Amino acid sequence: MENDCLSILDKRTNTNYEVPFYKGTIRAMDLRKIKTGAEDFGLMTYDPAFMNTASCHSSITFIDGDKGILRYRGYPIEQLAEKCTFLEVAYLLICGELPTAEQLKAWVNKVTHHTMLHESTKHFLEGFRYDAHPMGMFISTVAALATIYPDARNIHDAESRRLQMYRLIGKVPTIAAYTYRHGLGYPYVYPDNDLSYTENFMNMLWRMAEPKYQANPVLARALDVLFILHADHEQNCSANVMRSVGSSQADPFVATAAAAAALSGPLHGGANEEVLRMLDEIGAKDHVPAYIKGIKEGKGKLMGFGHRVYKNYDPRARIIKQTAEQVFEITGKNSKLDIALELERIALEDEYFVKRKLYPNVDFYSGIIYQAMGFHPEMFTVLFAISRTAGWLAQWEEMVNDPEQKISRPRQIYTGHEIRDIVPMEKRGSSAISTSRP
Ligand code: ACO
């Protein structure tokens, strides 16, 4: 509609501007015409942490944070977690539609036949210290794959891009399992192509001397469900890094490593590890009220609570709670569950959390399940990264094919000095910042 525009009066110049609406937003570049004179650069917006800025079009994941809705390609997360496998969901995210039986067979076959690591990658992993954090090993090794597959730089070729996706989705569980066994000093287990994606992962993690690994089907399915829940989450911190690094036309291995680095932070995927530390620190159910009191007094954050987008219960947390019950029937209950349930009960009634719309997020319960399955907390974010690799690749593919995308390059508001001349060393005052260590 011709009248469908925003009218802006610039009181500095008393000039009226009309900015057309664009899909419920305005284009930031349309503000550039708002100037005080010919020398003026034009108006920009200031939005640290991208609180109110859409950086792309995307048809992959839909979230309604107020209603607690999460959908991949239009399908509710609840249905996907109930009816699909993780590899089926990875296909959906990347290809846009659920696969037919034939398409899924071919997709699984491709991914399965790219699970093995080049022996030099194995040697690379062996070089880490015995106590190296698995996430550091994971990030470095994914980046190192770029040296094995230089053809990945050919990002303009759709077929080559697809090959790198098979490689990445296929190899991330192998790398993750290697990082796990490295810490324990166990020999590496090679992939078994007869097994499903999660069964093979469990085989590479936990097989000892037995000739064939038999995964517990309930635990394998639980891991598959957790992978589905973590597979994508629209323009989160790590997806934004994937797109930003990918926008420079870097290859998908280094872009995925960069995204995994973003995921590793405690405010993002690293939160699941922090939740377990927090539950350990609390120690017992009756210590919960005192702990919550401390949080309200500003002593840190309640890890696994709150979300930039969800201002209602995170739908993934609800599904994880159900999955936890199935897992605990096999493994026995994790003693931390009682503390977590008490924490959730008290926080959901407390005015501080209610007012700020702070609810448990995906990471609040995932760590408790992972620990019951036998993972130590350092592995939790690596598990997250395995499944999020599918989402990162879907975001990357969409970005590469988007004709409107260019190299990512935000603007800044410069707050530094105006031009000044260098003062000779002997005349510099003590106001110069000291670089010497104490
Ligand atoms: N515990 C206590 N208070 C909190 C928490 C929390 N977990 N999260 C937010 N708040 C408070 C803030 O202190 C702030 O209070 P104020 O208004 O009095 O200053 C208010 O709630 C708003 O919080 P912001 O930090 O502005 O929210 P933001 O959207 O920037 O942060 C985030 C979201 C990073 C997830 C935050 O809630 C947090 O740090 N949570 C704990 C870490 C965590 O669980 N991260 C995992 C997120 S899910 C994922 O990435 C997979």
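Owing to the predicted nature of the structure, the values given are computational and were not obtained by experimental measurement. Every heavy atom of this structure was used, including side-chain atoms; hydrogens, water molecules and symmetry mates were not. Whatever order the structure lists them in is the order used to number ligands and atoms, beginning at 1.
Annotation: F305 is in aromatic contact with F364 [ring centroid separation under 6.0 Å]. In this structure, the ring of H57 has its center less than 6.0 angstrom from the ring center of Y22.
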Between ligand 1 and the protein, which N/O pairs fall short of 3.5 Å?
residue  : atom   : partner : partner atom : Å
ligand 1 : 1 (N)  : L302    : N            : 2.9
ligand 1 : 3 (N)  : Y352    : OH           : 3.1
ligand 1 : 7 (N)  : L302    : O            : 2.7
ligand 1 : 7 (N)  : F305    : O            : 2.9
ligand 1 : 15 (O) : R356    : NE           : 3.1
ligand 1 : 18 (O) : R356    : NE           : 3.1
ligand 1 : 18 (O) : R356    : NH2          : 2.9
ligand 1 : 29 (O) : R308    : NE           : 2.8
ligand 1 : 30 (O) : R308    : NH2          : 3.0
ligand 1 : 39 (O) : K301    : NZ           : 3.0
ligand 1 : 40 (N) : F305    : O            : 2.9
ligand 1 : 44 (O) : G304    : N            : 2.8
ligand 1 : 44 (O) : N361    : ND2          : 2.9
ligand 1 : 45 (N) : L267    : O            : 3.1
ligand 1 : 50 (O) : H268    : ND1          : 2.9

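In terms of modelled atom types and a separation under 3.5 Å, the side chain of H114 and the main chain of K171 share no donor-acceptor contact. Of the possible polar contacts, none joining the H118 side chain to the I148 backbone as a donor-acceptor pair under 3.5 Å is found. A donor-acceptor pair under 3.5 Å links the side-chain atoms of D47 to the main chain of M51, judged by distance alone.
Listed by first and then second residue, the salt bridge (charged side-chain N to carboxylate O under 4.0 Å, His left out) pairs involving residues 385-406 are R27-E404, R161-E397, R243-E398 (not counting sequence neighbours).
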